Participant: 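Got a structure for you, written out below as structure tokens; questions coming shortly.
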2 protein chains.
Amino acid sequence: MTKYKTDMAAVLDICKALADPNRLRILMSLRDGELCVCQITEMLALAPSTVSKHLLILKQAGMVESSKRGRWIYYTLLVDSTQTVPVMNWLKASLTNDNVIKRDHVLLKKILSENPTELCCQQRTTRGREQL
Amino acid sequence: MTKYKTDMAAVLDICKALADPNRLRILMSLRDGELCVCQITEMLALAPSTVSKHLLILKQAGMVESSKRGRWIYYTLLVDSTQTVPVMNWLKASLTNDNVIKRDHVLLKKILSENPTELCCQQRTTRGREQL
DNA sequence: CATATATTTCGTTATATGACGAAATATAAA
DNA sequence: TTTATATTTCGTCATATAACGAAATATATG
């Protein structure tokens with residue numbers, strides 16, 4: 001396993017990270033690829049500071065990683081880990097049909113496609129409308 | 001999935017059940033078969049009431065089941081569940097080499113073999129010494 | 001029946017956790 | 001440089017959780 005932490009501590013960090021509905025929703029929302037914090041925040045409808053804390057917990061557990069691009073920070077699943085692969089497989093198998101997760105999925109598609117000017121990530125470098 | 005609970009609630013109950021070191025130790029201790037509460041209590045060196053609570057949480061999460069035999073209550077892993085199998089496989093792969101878990105394993109073998117008269121489960125119906 | 005043993009339930013207490021808002025930080029746009 | 005946007009950090013508060021001891025419950029033994 002990795003360094004620093006004992007195996008127990010590593011597993012425990014993952015289990016604690018999974019032991020919250022909003023963090024499970026975040027993990028499931030990252031199935032299809034990266035999302036920036038503001039998109040996740042929009043989906044969860046929580047305070048940005050709260051979402052930031054959730055993401056930190058997931059990151060410290062080794063479930064996700066972040067990359068900064070311009071003003072935005074994108075989070076992705078850390079799929080190259082011996083820990084996260086079985087965990088995510090189990091979560092996907094168990095939660096894909098959950099109503100909250102399904103609702104999130106629909107909402108996310110809307111957030112990613114429509115992305116109106118009022119929303120965060122308005123001026124995305126790649127393909128956003130630039131009008132304020 | 002099962003009844004009553006949503007998928008999310010079911011997964012959450014499992015994750016919360018796993019998010020405690022003593023409950024992980026209990027689950028790992030049940031790898032090799034059933035144990036009665038007093039044996040688990042001896043291994044963990046916690047108050048019986050605390051162990052009882054941990055076992056209740058694991059049971060309500062669907063990770064273990066109990067069967068009463070005489071004065072004793074034996075707990076076993078619930079291995080016929082689509083939830084517990086992948087979870088336990090992951091735990092076994094991740095925790096078998098952990099030092100605490102290894103120490104528990106040694107201790108449990110001692111508890112199961114020696115089982116001196118002072119200990120709990122003194123007068124086991126199957127093969128215990130009967131002297132008080 | 002009285003006693004000892006095994007386990008659970010209950011009440012209490014200390015700590016952990018999740019939520020928020022305000023303030024700090026960083027980066028891009030005007 | 002000033003302003004707006006994106007995110008994090010910090011402090012606070014309410015709730016959840018883990019531990020214990022005492023008491024209750026159940027079952028076997030004397």
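Per chain, numbering begins at 1; letters A, B, ... match sequence-line order. Predicted model, so just to flag it, every value in this text is computed and none were measured.
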Participant: In B/S/- notation, 5' to 3', how is nucleotides 11-20 of chain D contacted by protein heavy atoms closer than 4.0 Å?
Facilitator: ------SSSB
Participant: With side chains defined as the heavy atoms from C-beta onward, is the minimum distance between B/Val11 and B/Gln83 less than 4.5 Å?
Facilitator: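 Of all side-chain heavy-atom pairs linking B/Gln83 with B/Val11, at least one is under 4.5 Å.
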Participant: Closest to the A/Leu56 side chain: C/dA6, D/dA4, D/dT9?
Facilitator: D/dT9
Participant: Salt bridge check, A/Glu34 against A/Arg69: does any charged N sit closer than 4.0 Å to a carboxylate O?
Facilitator: yes
Participant: Checking A/Arg103 now: which residues fulfil salt bridge (Lys or Arg N to Asp or Glu O under 4.0 Å) with it, not counting sequence neighbours?
Facilitator: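 In terms of salt bridge (Lys or Arg N to Asp or Glu O under 4.0 Å), with neighbours along the sequence ignored, A/Arg103 is linked to no residue.
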Participant: Please state how far atom CD1 in B/Ile73 lies from atom P in C/dT7, giving the value in whole angstrom units.
Facilitator: 6 Å
Participant: Report the residues that fulfil side chain to side chain contact (heavy atoms under 4.5 Å, CB included) with B/Asn22, sequence neighbours left out, ordered by chain and then residue number.
Facilitator: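 B/Asn22 satisfies side chain to side chain contact (heavy atoms under 4.5 Å, CB included) with B/Asp20, B/Arg25, B/Leu44, B/Leu46, B/His54 only.
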Participant: Between A/Leu44 (CG) and C/dA19 (C1'), how many Å, whole number?
Facilitator: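 My rounded result for the distance is 13 Å.
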Participant: How many Å lie between CD1 on B/Ile40 and P on C/dA6, as a whole number?
Facilitator: 14 Å
Participant: So A/Thr76 and A/Val64, do their side chains get closer than 4.5 Å, heavy atoms only?
Facilitator: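 No, every pair of side-chain atoms sits at 4.5 Å or beyond.
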Participant: Between D/dA28, D/dT7, D/dT5, which one does the side chain of A/Arg71 approach most closely?
Facilitator: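 From the listed options, D/dT5 comes nearest.
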Participant: Establish whether B/Leu18 and B/Val100 are linked, either directly or via other cluster members, by ILVMFWY side-chain heavy-atom contacts under 4.5 Å.
Facilitator: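 Each belongs to a different hydrophobic cluster.
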Participant: CH2 of B/Trp72 versus P of C/dT8: gap in Å, rounded?
Facilitator: 14 Å
Participant: For the pair made of CG in A/Leu55 and P in D/dT9, what is the distance, rounded to whole Å?
Facilitator: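 Between P of D/dT9 and CG of A/Leu55: 11 Å.
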Participant: For A/Leu58 and D/dT8, give me the distance from atom CG to atom C1', rounded to whole Å.
Facilitator: 15 Å
Participant: What is the distance, rounded to the nearest whole Å, between atom OH of B/Tyr74 and atom P of D/dT27?
Facilitator: 15 Å
Participant: Which nucleotide, C/dT7, C/dT8, D/dT8, lies nearest any side-chain atom of B/Tyr75?
Facilitator: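 So the nucleotide nearest the side chain must be C/dT8.
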Participant: What is the distance, rounded to the nearest whole Å, between atom NZ of B/Lys68 and atom C1' of C/dT8?
Facilitator: 9 Å
Participant: Hey, are the side chains of B/Met88 and B/Leu77 touching, using non-hydrogen atoms and a 4.5 Å cut-off?
Facilitator: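 Yes, their side chains come closer than 4.5 Å.
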